[in-house]
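All figures in this text were calculated on a predicted structure; none of them were measured in a lab. Per chain, numbering begins at 1; letters A, B, ... match sequence-line order.
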Amino acid sequence: MTDLLAISVLPVSLTLITFLAGQKLQKKFRSPLLNPILISVILVLIFLSFTGLPVADYKAGMGTLSWLLTPATICLAVPMYEQFQILKKNLPMILAGVAAGAVSCLIMVAGFGILVNFESILTISLMPKSITTAIGVALSEMMGGMPGVTTAAIVFTGIFASIMGPAFCRLFRLTDEVARGVAFGTAGHVIGTSKANELSPLTGAVSSLSLVVAGLLTAVVLPLFSNFI
Amino acid sequence: MKYLSQFCIILGFTMAGEALQRLLPLPIPGSVWGLALLFLALCLGIVKTEQVKDVSSFLISVMPLMFVAPAVGIVENWSLISDQLLPIFLLLAATTFLVFGISGCLTQLLMKKGGGRHD
């Protein structure tokens with residue numbers, strides 16, 4: 001059994017099958033709680049604990065697929081470029097909103113971490129919580145954080161923003177479609193964007209632009225905090 | 001062949017990004033450099049959207065799959081976070097709420113002031 005893990009066939013197919021199952025469930029029940037990543041992670045963990053296969057071997061086996069994450073992240077430039085063309089007129093307002101959200105997010109997480117005395121490795125792992133996993137995990141790794149915690153924080157944040165977003169819109173009196181998109185993309189990255197797409201196509205487009213800009217900005221600003229945490 | 005050449009272009013930007021990460025003394029991941037370079041190349045017309053469109057759509061659509069393995073890795077860090085779950089959840093919920101408000105409200109305010117119109 002162990003050599004099946006080693007040659008990646010088992011880890012990759014296990015991930016693929018559980019992820020597809022998660023996607024099916026989400027399509028059927030249309031609940032953001034049924035996030036495919038979340039379902040896949042839970043099923044993989046159940047499988048590993050039942051078979052007694054080590055997590056490290058599973059992760060090593062997934063290495064054959066994981067290297068594609070960097071080229072996939074780079075591809076985000078394509079939709080970003082397309083939305084830049086569509087949203088040209090509103091760009092300054094969008095960029096200002098995203099910048100304010102992304103920077104305040106880092107300040108708040110760092111401040112909270114210092115306040116409740118988190119270990120710095122934990123604060124660093126939580127700081128990229130609102131950006132896309134692609135950039136967030138790479139950042140966490142580079143800064144010496146824990147990629148597992150970062151991924152969990154990012155998925156939780158996205159699901160939370162997706163479920164609570166419509167209520168937040170009412171609470172903050174966000175009626176403007178562009179402003180709503182900025183809020184969903186900056187606070188809830190890809191998962192929030194799927195909710196934004198349900199509200200309106202314009203909100204979805206702004207949201208997907210916002211999530212890439214927020215990710216880029218966080219990548220540039222986050223390292224500046226490394227001396228304070 | 002179309003897919004191969006598209007993948008080749010994307011891999012070229014990946015390599016350039018990884019090289020920049022190693023050459024420049026900034027803690028910015030290679031993926032971010034690559035993204036910025038490809039965006040620039042698209043803006044300058046060096047690369048046309050059609051030259052990368054199909055493969056990039058595919059790679060973006062399978063991207064969530066690659067997050068499963070790092071998320072599973074959370075069990076390796078479990079001891080460090082298990083006794084701080086409540087403050088962590090509070091932190092995540094509160095900051096998500098505030099970031100949503102700050103970014104959305106500022107944009108809405110500027111849209112009204114600047115008389116920004118939707119296309």
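- The residue among B:I60, B:T49, B:I81, B:I10 with the most heavy atom pairs within less than 4.5 Å of chain A is B:I60.
- Summarising the geometry, atom CD belonging to A:E119 is positioned 7.0 Å from atom CD belonging to B:Q84; distances are rounded to the nearest 0.5 Å.
- Within the structure, salt bridge (charged side-chain N to carboxylate O under 4.0 Å, His left out) contacts touching residues 122-141 of chain A (residues at least two apart or in different chains) do not occur.
- Here A:D176 contributes atom CG and B:C105 contributes atom SG; the two are 11.0 Å apart, rounded to the nearest 0.5 Å.
- Residue A:T73 touches chain B through both its backbone and its side chain, counting heavy-atom pairs closer than 4.5 Å.
- Per-residue counts of heavy-atom pairs under 4.5 Å with chain A were compared for B:S56, B:G73, B:S61, B:G17; the largest is that of B:S56.
- Residues satisfying the ring-ring contact (aromatic ring centres under 6.0 Å, His included) test with A:F84, not counting sequence neighbours, are B:F39.
- Atom OG1 of A:T70 is separated from atom CH2 of B:W33 by 15.0 Å, given to the nearest 0.5 angstrom.
- Atom CE of A:M93 is separated from atom NZ of B:K112 by 13.0 Å, given to the nearest 0.5 angstrom.
- Taken from CG in A:L126 to OG1 in B:T95, the straight-line distance is 8.5 Å, to the nearest 0.5 Å.
- Contacts between B:I28 and chain A at a heavy-atom distance below 4.5 Å involve backbone atoms as well as side-chain atoms.
- Counting heavy-atom pairs under 4.5 Å between each of B:L59, B:L42, B:I102, B:L106 and chain A puts B:L42 at the top.
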